[in-house]
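Just follow the structure's listing: the first ligand is 1, and inside any ligand the first atom is 1.
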Amino acid sequence: MPRITLVRGDITQQSVDAVVNAANSSLLGGGGVDGAIHRRGGPEILEECRALRASRYGRGLPTGQAVATTAGRLPARWVIHTVGPVHSAGEDRSELLASCHREALRVADEVGARTVAFPAISTGVYRWPVEDAARIAVGTVQDTQTGVEEVRFVLFDEAAYAAFAAQLPEQGQGE
Ligand code: ADP
């Protein structure tokens with residue numbers, strides 16, 4: 001099981017082997033984390049995303065799957081793009097959110113990443129309640145067999161940080 005750490009901050013500023021992008025299925029960028037990663041990382045990431053669309057993901061990257069590209073100018077080696085589910089009141093999509101975390105770690109293993117930063121996937125535009133997203137994210141990472149040594153959740157605001165910290169009471173997480 002990887003060591004889980006929490007920081008409040010901006011995922012584009014993390015010096016890690018891989019940062020996970022809360023992408024949308026087009027792989028062509030968007031708002032939130034996705035916009036920040038492409039803005040800071042520069043055009044090289046988008047070029048690789050376009051190539052992936054042309055070769056493997058003409059219909060888009062399916063929800064719950066993950067794929068790696070270069071990290072361009074970010075202080076990381078790879079960006080692992082994954083598409084979170086939009087939250088639904090009527091349908092339980094938890095397994096798809098868990099899959100994002102499992103698949104991102106599987107891709108991290110494939111590229112040999114040992115330190116991986118995750119945002120709070122699906123908790124922005126996709127409206128997943130952050131307490132529930134934190135439970136799924138932390139629980140899935142704890143249950144996944146991986147060579148990744150550190151999973152760092154990078155939380156943008158205090159509410160998200162508190163939600164993730166509540167899942168790790170034994171660690172007494174501070175900043
Ligand atoms: P999704 O479409 O999966 O909901 P978003 O990018 O809209 O993804 O939001 C996911 C979470 O990431 C939200 O909690 C948002 O506040 C947070 N966030 C936005 N920008 C950044 C950033 N630069 N670094 C880390 N977290 C961010």
*Relative to the heavy atoms of A22, which atoms of ligand 1 are at a distance of less than 4.0 Å?*
3 (O), 8 (O)

*asked:* Are the side chains of T82 and I121 in contact, using a 4.5 Å heavy-atom criterion?
replied: yes

*Considering all protein heavy atoms, does one lie under 4.0 Å from atom 15 (C) of ligand 1?*
no

_Suppose we measure from atom 24 (N) of ligand 1 to each protein heavy atom; which comes out shortest, and what is that distance?_
I11 N, 2.9 Å

*Identify, for atom 5 (P) of ligand 1, the protein heavy atom at the shortest distance, and state residue, atom and that distance.*
G124 CA, 3.9 Å

*Roughly how far apart are I37 CD1 and L74 CG, rounded to 0.5 Å?*
6.5 Å

*asked:* Is there a side-chain contact between H87 and P129 in this structure, where contact means two heavy atoms from C-beta onward sitting under 4.5 Å apart?
replied: yes

*What residues form a ring pair (Phe, Tyr, Trp, His ring centres under 6.0 Å) with H81, not counting sequence neighbours?*
none

*Does V83 reach the side chain of Q65, with side-chain heavy atoms less than 4.5 Å apart?*
no

_A side-chain contact here means heavy atoms from C-beta on lying under 4.5 Å apart; do V151 and R3 qualify?_
no

*With a 3.5 Å cut-off and no angle check, do the side chains of E149 and T115 form a donor-acceptor pair?*
no

*asked:* Give me the nearest non-hydrogen protein atom to atom 7 (O) of ligand 1 as residue plus atom name, then the distance to 0.1 Å.
replied: V125 N, 2.9 Å

*Out of curiosity, is A160 lining ligand 1, as in a heavy atom under 4.0 Å away?*
no

*Is there side-chain contact between L28 and R53, with at least one heavy-atom pair below 4.5 Å?*
yes

*Heavy-atom gap G9 to ligand 1 smaller than 4.0 Å*: yes

*Relative to atom 6 (O) of ligand 1, which among I121, V154, V33, N21 owns the nearest non-hydrogen atom?*
V33

*asked:* Give the atom numbers and elements of ligand 1 that come within less than 4.0 Å of a heavy atom of D10.
replied: 22 (C), 23 (N), 24 (N)

*Contact check, G32 vs ligand 1, heavy-atom distance below 4.0 Å*: yes

*For atom 3 (O) of ligand 1, what is the nearest protein heavy atom, given as residue, atom name and distance?*
S122 N, 2.8 Å

*What residue and atom, counting heavy atoms only, is the protein's closest point to atom 13 (C) of ligand 1, and at what distance?*
T123 OG1, 3.3 Å

*asked:* Which of the numbered atoms in ligand 1 are under 4.0 angstrom from any heavy atom belonging to A36?
replied: 23 (N)

*Does a side-chain heavy-atom distance below 4.5 Å link V154 with Q13?*
no

*Distance-only, no hydrogens or angles: does the S99 side chain make a donor-acceptor pair with backbone N or O of E95 under 3.5 Å?*
no

_Proximal candidate to atom 10 (C) of ligand 1 [heavy atom criterion; set P119, A120, A133]_ = A120

*Close approach of T12 to ligand 1, heavy atoms, under 4.0 angstrom*: no

*Would you mind checking which non-hydrogen protein atom is closest to atom 26 (N) of ligand 1, with the distance to 0.1 Å?*
F156 CB, 3.6 Å

